[in-house]
K.L.:
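Have a look at this one before I ask anything.
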Amino acid sequence: MEVNFSSLKVMIIDDSKTIRRTTETLLAKEGCTVVTAVDGFDALAKIADTKPDIIFVDIMMPRLDGYQTCALIKKSTPVIMLSSKDGLFDKAKGRIVGSDQYLTKPFSKGELLEAIQTHVQIAHAQ
């Protein structure tokens, strides 16, 4: 089953304006509706209103880091961790808090779309 990107709502949580803007541009070109948040608290305030299909969350953020954010938001929405760290410990910790996948920065457009394709299909199949 092909994922229809134009019907998807994607949330990007990252304290880096560059990452937010780049990811938002990439996904908007594919037809996705993109909601951005600067940190976990900002995201928590927006999730109930926007109900995203998939969430990408940076690990290293002020106030509420990606691990804490993932643990709080992980219900039925797929969560993909984003990090410049690619250590085994970081990936394992991501799994423990409930992330579905871990992408290392810089990630490619292909990796981003593949993650959406994989996890949105799984979520809609359940």
Side-chain angles (χ1 to χ4, degrees):
M1 180 181 116
E2 275 294 305
V3 171
N4 180 1
F5 289 100
S6 62
S7 67
L8 290 183
K9 264 191 224 156
V10 181
M11 178 174 272
I12 309 296
I13 311 167
D14 202 308
D15 58 327
S16 162
K17 190 175 191 174
T18 307
I19 295 288
R20 283 194 317 272
R21 194 171 283 153
T22 305
T23 311
E24 181 177 14
T25 303
L26 278 173
L27 294 173
K29 281 182 183 170
E30 295 298 319
C32 296
T33 301
V34 182
V35 179
T36 61
V38 296
D39 62 27
F41 285 113
D42 187 24
L44 291 173
K46 293 177 177 178
I47 286 171
D49 294 335
T50 59
K51 295 179 180 58
D53 295 297
I54 188 165
I55 300 169
F56 289 89
V57 60
D58 181 30
I59 290 176
M60 303 296 287
M61 294 184 295
R63 301 198 308 160
L64 198 61
D65 72 21
Y67 297 123
Q68 295 164 315
T69 303
C70 182
L72 289 169
I73 63 177
K74 183 65 188 147
K75 298 280 184 280
S76 59
T77 307
V79 176
I80 313 295
M81 304 296 281
L82 301 175
S83 181
S84 48
K85 299 164 136 189
D86 67 349
L88 217 52
F89 173 77
D90 300 297
K91 291 179 182 179
K93 191 171 177 186
R95 286 276 182 221
I96 290 166
V97 295
S99 75
D100 294 281
Q101 192 176 337
Y102 191 103
L103 290 182
T104 306
K105 296 177 189 176
F107 44 83
S108 68
K109 176 183 176 181
E111 288 174 305
L112 208 57
L113 297 178
E114 191 177 307
I116 292 171
Q117 185 93 21
T118 301
H119 297 289
V120 170
Q121 278 184 353
I122 292 168
H124 284 295
Q126 292 174 345

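Residues take their numbers from the sequence shown, with the count starting at 1.
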K.L.:
Do V35 and L26 share a hydrophobic cluster, counting only Ile, Leu, Val, Met, Phe, Trp and Tyr and linking them when any side-chain heavy atoms are less than 4.5 Å apart?
P.N.:
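No, no single cluster joins them.
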
K.L.:
Quick one: CD on Q101 to OG1 on T118, what's the gap to the nearest 0.5 Å?
P.N.:
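One gets 6.5 Å once the value is rounded to the nearest 0.5 Å.
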
K.L.:
Look only at the side chain of K9 and the backbone of T50, and say whether a donor-acceptor pair between them is shorter than 3.5 Å.
P.N.:
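Flag set: sc K9 to bb T50 pair under 3.5 Å.
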
K.L.:
Between M61 and V97, is there shared hydrophobic-cluster membership here, with clusters defined by ILVMFWY side-chain heavy atoms closer than 4.5 Å?
P.N.:
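M61 clusters together with V97.
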
K.L.:
Show, in sequence, the C-alpha distance, side-chain angles and deciding distance for F5 and V10, and conclude whether the side chain to side chain contact (heavy atoms under 4.5 Å, CB included) test is met.
P.N.:
CA-CA 10 Å; F5 289 100; V10 181; over 6 Å; no

K.L.:
Looking only at heavy atoms, what is the nearest atom pair of T104 and S84, with distance?
P.N.:
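Answer, listing the atom of T104 first, then S84: CG2-O, 4.1 Å.
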
K.L.:
Is there side-chain contact between I116 and L27, with heavy atoms separated by less than 4.5 Å?
P.N.:
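In contact.
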
K.L.:
Tell me, do I54 and L8 make a side-chain contact under 4.5 Å, heavy atoms counted?
P.N.:
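Side-chain contact under 4.5 Å: no.
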
K.L.:
Are V34 and I80 connected, step by step, through hydrophobic side chains (Ile, Leu, Val, Met, Phe, Trp, Tyr) whose heavy atoms are closer than 4.5 Å?
P.N.:
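Shared cluster, yes.
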
K.L.:
Which heavy atom of C70 sits nearest to which heavy atom of S99, and what is that distance?
P.N.:
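Of all heavy-atom pairs spanning C70 and S99, the closest is SG-N, 3.6 Å.
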
K.L.:
If two hydrophobic side chains count as joined below 4.5 Å and joins carry through other members, does I19 share a cluster with M60?
P.N.:
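Unlinked, I19 and M60 end up in two clusters.
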
K.L.:
Hey, what do you get for CD (E114) to NE2 (H119), rounding to the nearest 0.5 Å?
P.N.:
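Between E114 CD and H119 NE2, I get 9.0 Å after rounding to 0.5 Å.
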
K.L.:
With a 4.5 Å heavy-atom cut-off, do T22 and F107 have their side chains touching?
P.N.:
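No - every pair of side-chain heavy atoms lies 4.5 Å or more apart.
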
K.L.:
Given the rule in the side chain to side chain contact (heavy atoms under 4.5 Å, CB included) test, do F56 and D14 qualify, once you have shown the distances and angles that lead to the verdict?
P.N.:
CA-CA 8 Å; F56 289 89; D14 202 308; over 6 Å; no

K.L.:
Might you point out which heavy atoms bring K85 and Y102 nearest each other, and give the distance in Å?
P.N.:
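Distance-wise, the nearest heavy atoms are O-OH, 2.7 Å.
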
K.L.:
Evaluate the side chain to side chain contact (heavy atoms under 4.5 Å, CB included) criterion for residues M11 and T36: first the C-alpha distance (whole Å), next the side-chain angles of each, then the deciding distance (0.1 Å), finally the verdict.
P.N.:
CA-CA 6 Å; M11 178 174 272; T36 61; over 6 Å; no

K.L.:
Please check: side-chain N/O of S6 versus main-chain N/O of G31, any donor-acceptor pairing under 3.5 Å?
P.N.:
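Looks like no, no N/O pair under 3.5 Å.
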
K.L.:
So which atom in I73 and which in L44 form the shortest heavy-atom distance, rounded to 0.1 Å?
P.N.:
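Here I73 and L44 meet closest at CG2-CD2, 3.4 Å.
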
K.L.:
So, does R20 use its side chain to make a donor-acceptor pair with the main chain of I13 at under 3.5 Å?
P.N.:
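Between the backbone of I13 and the side chain of R20 there is no qualifying donor-acceptor contact (under 3.5 Å).
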
K.L.:
Could you walk me through whether D58 and I12 pass side chain to side chain contact (heavy atoms under 4.5 Å, CB included), step by step?
P.N.:
CA-CA 8 Å; D58 181 30; I12 309 296; over 6 Å; no

K.L.:
Hey, does Y67 have a side-chain heavy atom less than 4.5 Å from the side chain of I96?
P.N.:
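A side-chain contact is absent here, since even the closest heavy-atom pair is not under 4.5 Å.
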
K.L.:
Quick check: do T69 and I55 have side-chain heavy atoms less than 4.5 Å from each other?
P.N.:
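Side chain of T69 against side chain of I55, heavy atoms only: no contact under 4.5 Å found.
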
K.L.:
Check whether more than 12 heavy atoms from other residues, nucleotides or ligands sit under 6.0 Å from atom CD of E111, and answer yes or no.
P.N.:
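Yes, enclosed.
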
K.L.:
Give me the atom names and distance for the closest heavy-atom approach of D100 to R95.
P.N.:
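Looking at all heavy atoms of both residues, the closest pair is O-NH1, 2.8 Å.
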
K.L.:
Minimum heavy-atom separation for A115 and L103, please, with both atom names.
P.N.:
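Distance-wise, the nearest heavy atoms are CB-CD1, 4.5 Å.
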
K.L.:
Looking at OG of S7 and CG of D53, how far apart are the two atoms once the value is rounded to the nearest 0.5 Å?
P.N.:
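Going from the OG atom of S7 to the CG atom of D53 covers 7.0 Å.
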
K.L.:
I'd like to know if D65 pairs up with K93 as an ion pair, taking the criterion as any Lys NZ or Arg NE/NH1/NH2 lying under 4.0 Å from an Asp or Glu carboxylate oxygen.
P.N.:
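Salt bridge between D65 and K93, a charged N being under 4.0 Å from a carboxylate O: no.
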
